[in-house]
A.B. asks: 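The structure's right below; bear with me while I get my questions together.
Chain letters run A, B, ... following the sequence lines, proteins first and then strands; every chain starts at 1. Computed from a predicted structure; not experimentally measured.
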Amino acid sequence: MNWQKRTAKCGEISLSDVGNEVIINGWADSVRNMGGMIFFDVRDRYGLVQAVIEPENQKELANRAKELRSEFVVWIKGNVRNRENPNPNIPTGMVEILVSDFGIINKAEVPPFEIKDDIGTNEEIKLRYRYLDLRRSIMQKYMLTRNKVYQIAHLYFYDNDFVEIETPVLMKSTPEGARDFLVPSRINQGKFYALPQSPQIFKQILMVSGYDRYMQIVKCFRDEDLRSDRQPEFTQIDVEMSFVEQDDVFSVTEGFFVKLWKEVLGYDLAEPFQKMSYEEAMTRFGSDKPDLRFGMEIVNITDIVKNAEFKVFSEVIASNGLIGLINAKGCASYSRKQIDELTEFAKKYGAKGLAYIKILPNGEINSPIAKFLTQEETGNIIKAANAEDGDLLLISSDKKYRALTILGALRIEIAKRSGILDSVKDKFSFHWVVDFPLFDYDEESNRYVAMHHPFTSPKEEDIELLDASPAQARAKAYDLVVNGAELGGGSIRIHQEDVQKKMFSLMGMSDETAEAKFGFLLKALKYGAPPHGGIALGLDRIVMTLTGTENIRDVIAFPKTTTGLSLLDGSPSEVDSEQLSELGISLALKEE
RNA sequence: GGAGCCGUAGCUCAGUUUGGUUAGAGCGCCUGCCUGUCACGCAGGAGGCCGCGAGUUCGAGUCUCGUCGGCUCCGCCA
């Protein structure tokens, strides 16, 4: 061994080490050669500490130090001493190491970006050199927070009698839900495994087996397009419990988050979390994952304008639509251009246009639709919106849920633009959204699809609705929403075979298809399935919320780009034709 | 499947609107000087397939088309 092993960690050297000899290992940070004094910092994942060489007394060391560059791997031996000029800005700033010997363990090329927190470097470069990106202290902080979440999750659930059981990564491809990633079978040519979208069915089967409290920190895979909070492979804290109702799942989950927030952030969350129905969330906030850290609630003005001589409104009302608004406080000063931007924004969500009423600071009304409204109607709108001089009312009229969704999106957009979101960034608003519809109508395939998943139990009182009007039936499904992000979701499952069959048939699945696709679950339900339910928590998003980062790539060590590429290892990639033929696969690539 | 923004030095960006001398800046890098720095300072220096390919033009970083890549959003994501 041509280097000396560390006796201390860089970031942990403190005043109590003064007078002692230490050896540290790490990466050279900035080297500051003053001629008569040479300073350089040595960094490891615990922090950094200053080393000093005094050329007057240490000619040989000073000579060797000329070779030292940033990111070289080094060992340093020396005595810890008090600094003549302490630096209060860093944890080890009171002390320094007077080098008595050191060595370069390994040189490093000049990195493509500096290893420090505030770099504006392009995502592509950072991903290509992910090992350097991950060396930055902010990224290490993210990874260490993530590690804390693993440890606390394991401890918490273990302490509460949960059993961690691994479920297969190679499983059967099932219809419904996201697109599967497929894995060809060599031994069974022409057949494929799928990577799990979640261990849903396996954890239900484990309930049948009597493991009444299960948890697993597990990778899930969905072959869908990516977003800033979505990766094709992501991690869930997967939980399932037997002999429980919704409230039991809530209290176990809440206990976990209380512990997590306390131990990671020192933050006390109030229990129990608030609950809000899906209908209420949509009506008041235009979202099934509303951000409750601020108001700006949707105001329904359908009744106020029901007699207005305005074709756009009367047509919407005739077809049972909704006319609503949000009050963008103090935004009457928005220019034509800004309003146009908001209109374009609303169009992304299916809006045909966006009406507005400006209440100018002098009380004057400026609105392209004013001429269609009586003074009384305008006055009532302003009153309902609680509007004051200087406010801007944004009005959407459309099919009910589309209008609400548009207003909900505008609500967030206005909060972003006006700095409201920034002002609440240190707050946490945890709440449950409950009573989701059981089904969603899919226009494409002309059938009902499960809104949560096909194993979700309907609410007892809504079972009679199943035949007459499935769209009205509500599910025992719930989402955990934090600051406008869905951190988890779950449901009480169906544990009776006949109800499960009924669900499949309502979704337009024949008995044969249900048998072929989900027969193994249906069969298991026949052999003494206990009532059960659970939740899946998005670990990546939890870490995002804890660290305050906006992008899921920040909390995943080796993420994919928006197009699903891994720039570090260059996957996905072509494979040898031998590999394909062994699998019995030939390519039929789509032509342009 | 669709939309928007971006691609110029190792990195971040200006220059593109209105085509025309030798394509600039900051940081980083290299060399020298400097005894308390810590984003050290000072002086000097190197460094460019203007993403790639066609086209228009006397002439393209700048205009057009295509293509590749990154980011964001809609659809999609039980």
Side-chain angles (χ1 to χ4, degrees), chain A residues 29-41 48-57 62 66 69-71 82-90 92-93 96 98 109-129 132 174-180 197-198 200-201 220-232 234 341 344-351 405-406 409 412-413 436-440 442-444 448-456 475 477 479 486 489-491 503 507 536 538 550-551 553 560-563 565 567 592:
Chain A
D29 207 279
S30 77
V31 180
R32 301 179 293 278
N33 188 339
M34 323 283 299
M37 296 288 280
I38 301 168
F39 299 98
F40 58 100
D41 297 326
L48 59 79
V49 66
Q50 174 168 288
V52 57
I53 292 171
E54 298 173 333
E56 195 170 309
N57 314 316
K66 279 185 188 159
R69 296 288 182 275
S70 290
E71 302 315 316
N82 285 299
R83 282 206 202 180
E84 218 168 279
N85 287 337
N87 181 351
N89 299 321
I90 61 172
T92 61
E96 65 190 5
L98 178 62
E109 287 191 14
V110 175
F113 49 84
E114 293 176 73
I115 310 303
K116 60 180 193 182
D117 283 356
D118 291 314
I119 55 173
T121 306
N122 184 299
E123 200 69 23
E124 184 181 349
I125 311 266
K126 290 199 293 183
L127 289 176
R128 218 175 275 287
Y129 296 90
L132 295 178
T174 51
E176 304 298 314
R179 207 172 284 116
D180 283 326
Q197 299 171 27
S198 92
Q200 182 59 37
I201 297 176
C220 302
F221 306 85
R222 295 178 189 174
D223 187 6
E224 297 294 345
D225 288 356
L226 287 74
R227 285 287 191 287
S228 60
D229 63 350
R230 266 167 35 190
Q231 283 272 309
F234 61 98
E341 283 170 9
E344 283 310 305
F345 177 85
K347 281 183 178 169
K348 289 195 305 195
Y349 293 85
T405 303
I406 292 163
I412 300 295
E413 181 65 15
F436 276 85
L438 189 60
F439 294 109
D440 223 0
D442 181 34
E443 312 265 345
E444 235 171 81
Y448 287 104
V449 295
M451 187 148 182
H452 184 57
H453 60 53
F455 320 111
T456 300
D479 276 356
E486 179 196 331
S491 63
M503 279 294 289
M507 290 164 50
E550 299 270 290
N551 201 296
R553 288 185 302 271
K560 310 278 188 285
T561 66
T562 318
T563 51
L565 304 180
L567 299 180
E592 278 308 305

A.B. asks: Show me the protein contacts with nucleotides 42-47 of chain B, counting only N or O atoms at under 3.5 Å.
C.D. replies:
none

A.B. asks: Select one nucleotide: of C77(B), C38(B), C76(B), the one nearest the side-chain heavy atoms of Asn87(A).
C.D. replies: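 Of the options given, the side chain of Asn87(A) lies nearest C38(B).
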A.B. asks: Does a salt bridge link Asp29(A) with Lys116(A), judged by any charged N lying under 4.0 Å from a carboxylate O?
C.D. replies: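 Here Asp29(A) does not pair with Lys116(A) in a salt bridge, since their nearest N and O are not under 4.0 Å apart.
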A.B. asks: Could you work out the separation of U22(B) and G47(B) based on their C1' atoms and round it to a whole Å?
C.D. replies: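 It works out to 16 Å between them.
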A.B. asks: Where the side chain of Glu224(A) meets the backbone of Arg179(A), is there a donor-acceptor pair that is under 3.5 Å apart?
C.D. replies: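 Yes, the answer is positive, given that a donor and an acceptor are paired below the 3.5 Å cut-off.
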A.B. asks: Measure from CG on Asp440(A) to C1' on C77(B) and round the result to the nearest Å.
C.D. replies: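 Atom-to-atom, Asp440(A) to C77(B), this comes out as 13 Å.
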A.B. asks: With sugar-phosphate meaning primed atoms plus P, OP1 and OP2, does Phe345(A) contact a base, only sugar-phosphate, or nothing at under 4.0 Å between heavy atoms?
C.D. replies: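 If one applies the 4.0 Å heavy-atom cut-off, Phe345(A) turns out to touch nothing in the nucleic acid.
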A.B. asks: Should we count OH of Tyr129(A) as having more than 12 external heavy atoms under 6.0 Å?
C.D. replies: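 At most 12 heavy atoms, drawn from other residues, nucleotides or ligands, come within 6.0 Å of this atom.
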A.B. asks: For the CG atom on Asp117(A), are there more than 12 heavy atoms of other groups (residues, nucleotides or ligands in this structure) within a distance under 6.0 Å?
C.D. replies: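 Yes, enclosed.
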A.B. asks: Between the side-chain atoms of Arg230(A) and the base atoms of C77(B), is any donor-acceptor pair under 3.5 Å?
C.D. replies: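 A donor-acceptor contact between them is present.
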A.B. asks: Pull out every protein N or O sitting under 3.5 Å from an N or O of nucleotides 69-71 of chain B, one pair per line with the distance.
C.D. replies:
{"residue": "G69(B)", "atom": "O2'", "partner": "Glu124(A)", "partner atom": "OE1", "Å": "3.0"}
{"residue": "G69(B)", "atom": "O2'", "partner": "Glu124(A)", "partner atom": "OE2", "Å": "3.1"}
{"residue": "G70(B)", "atom": "OP1", "partner": "Thr561(A)", "partner atom": "OG1", "Å": "2.8"}
{"residue": "G70(B)", "atom": "OP1", "partner": "Thr563(A)", "partner atom": "OG1", "Å": "3.3"}
{"residue": "G70(B)", "atom": "OP2", "partner": "Thr563(A)", "partner atom": "OG1", "Å": "2.9"}
{"residue": "C71(B)", "atom": "OP1", "partner": "Arg553(A)", "partner atom": "NH1", "Å": "3.4"}
{"residue": "C71(B)", "atom": "OP1", "partner": "Thr562(A)", "partner atom": "N", "Å": "3.4"}
{"residue": "C71(B)", "atom": "OP2", "partner": "Thr562(A)", "partner atom": "N", "Å": "2.7"}
{"residue": "C71(B)", "atom": "OP2", "partner": "Thr562(A)", "partner atom": "OG1", "Å": "2.5"}
{"residue": "C71(B)", "atom": "O5'", "partner": "Thr562(A)", "partner atom": "OG1", "Å": "3.1"}
{"residue": "C71(B)", "atom": "O3'", "partner": "Arg553(A)", "partner atom": "NH2", "Å": "3.3"}

A.B. asks: Let me see the working for Met507(A) and Phe439(A) under side chain to side chain contact (heavy atoms under 4.5 Å, CB included), right down to the final yes or no.
C.D. replies: CA-CA 9 Å; Met507(A) 290 164 50; Phe439(A) 294 109; 3.6 Å; yes
A.B. asks: Roughly how far apart, to the nearest Å, are A23(B) and G4(B) at atom P?
C.D. replies: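 About 34 Å, rounded to a whole number of Å.
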A.B. asks: Hunt down the Watson-Crick or G-U wobble partner of U67(B), both distances under 3.5 Å, from any strand shown, or write none.
C.D. replies: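 With both distances under 3.5 Å, U67(B) matches G51(B).
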A.B. asks: For Gly36(A) and Phe455(A), take the nucleotide of RNA chain B holding the closest heavy atom to each; which residue's nucleotide lies nearer the 5' end?
C.D. replies: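 So the residue in question is Gly36(A).
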A.B. asks: Treating Arg230(A) as the side-chain partner and Asp225(A) as the backbone partner, does any N or O pair qualify as donor plus acceptor under 3.5 Å?
C.D. replies: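 Judged by distance alone, yes, a pair lies under 3.5 Å.
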A.B. asks: Roughly how far apart, to the nearest Å, are C27(B) and U56(B) at atom P?
C.D. replies: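 Going atom to atom, P in each nucleotide, I get 44 Å.
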A.B. asks: Under 4.0 Å, counting only non-hydrogen atoms across every strand here, what does Glu96(A) touch: a base, just sugar-phosphate, or nothing?
C.D. replies: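 Result for Glu96(A) = base.
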A.B. asks: Within the 4.0 Å heavy-atom criterion, would you say Met451(A) contacts the bases, only the backbone, or no part of the nucleic acid?
C.D. replies: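 Sugar-phosphate: the residue Met451(A), judged by heavy atoms under 4.0 Å, touches backbone atoms but no base.
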A.B. asks: Which part of the nucleic acid, if any, lies within contact of Ile125(A), taking any heavy atom under 4.0 Å across all strands shown: a base, the sugar-phosphate backbone alone, or nothing?
C.D. replies: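 If one applies the 4.0 Å heavy-atom cut-off, Ile125(A) turns out to touch the sugar-phosphate alone, with no base involved.
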A.B. asks: Describe the nucleic acid contact of Phe39(A) in one word from base, sugar-phosphate, nothing, applying a heavy-atom distance below 4.0 Å.
C.D. replies: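 Since a base atom lies under 4.0 Å of Phe39(A), the category is base.
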A.B. asks: Determine the interatomic distance between P on C77(B) and the same-named atom on U16(B); round to the nearest Å.
C.D. replies: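 The same atom, P, in both gives a distance of 44 Å.
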A.B. asks: Using a 3.5 Å distance criterion without hydrogens, assess whether the side chain of Thr92(A) forms a donor-acceptor pair with backbone atoms of Leu48(A).
C.D. replies: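 Yes, the answer is positive, given that a donor and an acceptor are paired below the 3.5 Å cut-off.
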A.B. asks: For Pro112(A), report the nucleic acid contact type (base, sugar-phosphate, nothing); a contact means any heavy atom under 4.0 Å.
C.D. replies: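 Result for Pro112(A) = sugar-phosphate.
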A.B. asks: I'd like the P distance from C68(B) over to G28(B), given in whole Å.
C.D. replies: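 Between the two P atoms, the distance is 37 Å.
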A.B. asks: Over how many whole Å does the gap from Asn33(A) atom CG to U31(B) atom P extend?
C.D. replies: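 Spelled out: CG on Asn33(A) to P on U31(B) is 11 Å.
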A.B. asks: Taking the C1' atom of each, how far is G19(B) from C50(B), in whole Å?
C.D. replies: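 Between the two C1' atoms, the distance is 15 Å.
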A.B. asks: Tell whether Arg83(A) reaches the base of C38(B) with its side chain through a donor-acceptor pair below 3.5 angstrom.
C.D. replies: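 Per atom types, the contact qualifies.
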A.B. asks: Could you tell me if Gln231(A) and Arg222(A) have a donor-acceptor pair between their side chains, going purely by distance under 3.5 Å?
C.D. replies: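 Note: Arg222(A) and Gln231(A) side chains miss the donor-acceptor criterion.
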A.B. asks: Take atom P in C30(B) and the same atom in C40(B), then report the distance between them in whole Å.
C.D. replies: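 Taking atom P in both C30(B) and C40(B), they lie 14 Å apart.
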A.B. asks: Distance between the P atoms of C76(B) and G70(B), in whole angstroms?
C.D. replies: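 Result for the P pair: 24 Å, nearest Å.
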A.B. asks: Does U37(B) have OP1 or OP2 sitting under 4.0 Å from an N or O in the side chain of Arg32(A)?
C.D. replies: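 For U37(B), OP1/OP2 do not have a side-chain N/O of Arg32(A) under 4.0 Å.
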A.B. asks: Strictly under 3.5 Å: I want the nitrogen or oxygen pairs between protein and nucleotides 25-29 of chain B, one per line.
C.D. replies:
{"residue": "C27(B)", "atom": "O2'", "partner": "Glu114(A)", "partner atom": "OE2", "Å": "3.0"}

A.B. asks: Tell me what Gln200(A) touches on the nucleic acid: a base, only sugar-phosphate, or nothing, going by heavy atoms under 4.0 Å.
C.D. replies: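 Base, at least one base atom sits under 4.0 Å.
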A.B. asks: With sugar-phosphate meaning primed atoms plus P, OP1 and OP2, does Pro232(A) contact a base, only sugar-phosphate, or nothing at under 4.0 Å between heavy atoms?
C.D. replies: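 The answer is nothing, as Pro232(A) stays clear of every strand by at least 4.0 Å.
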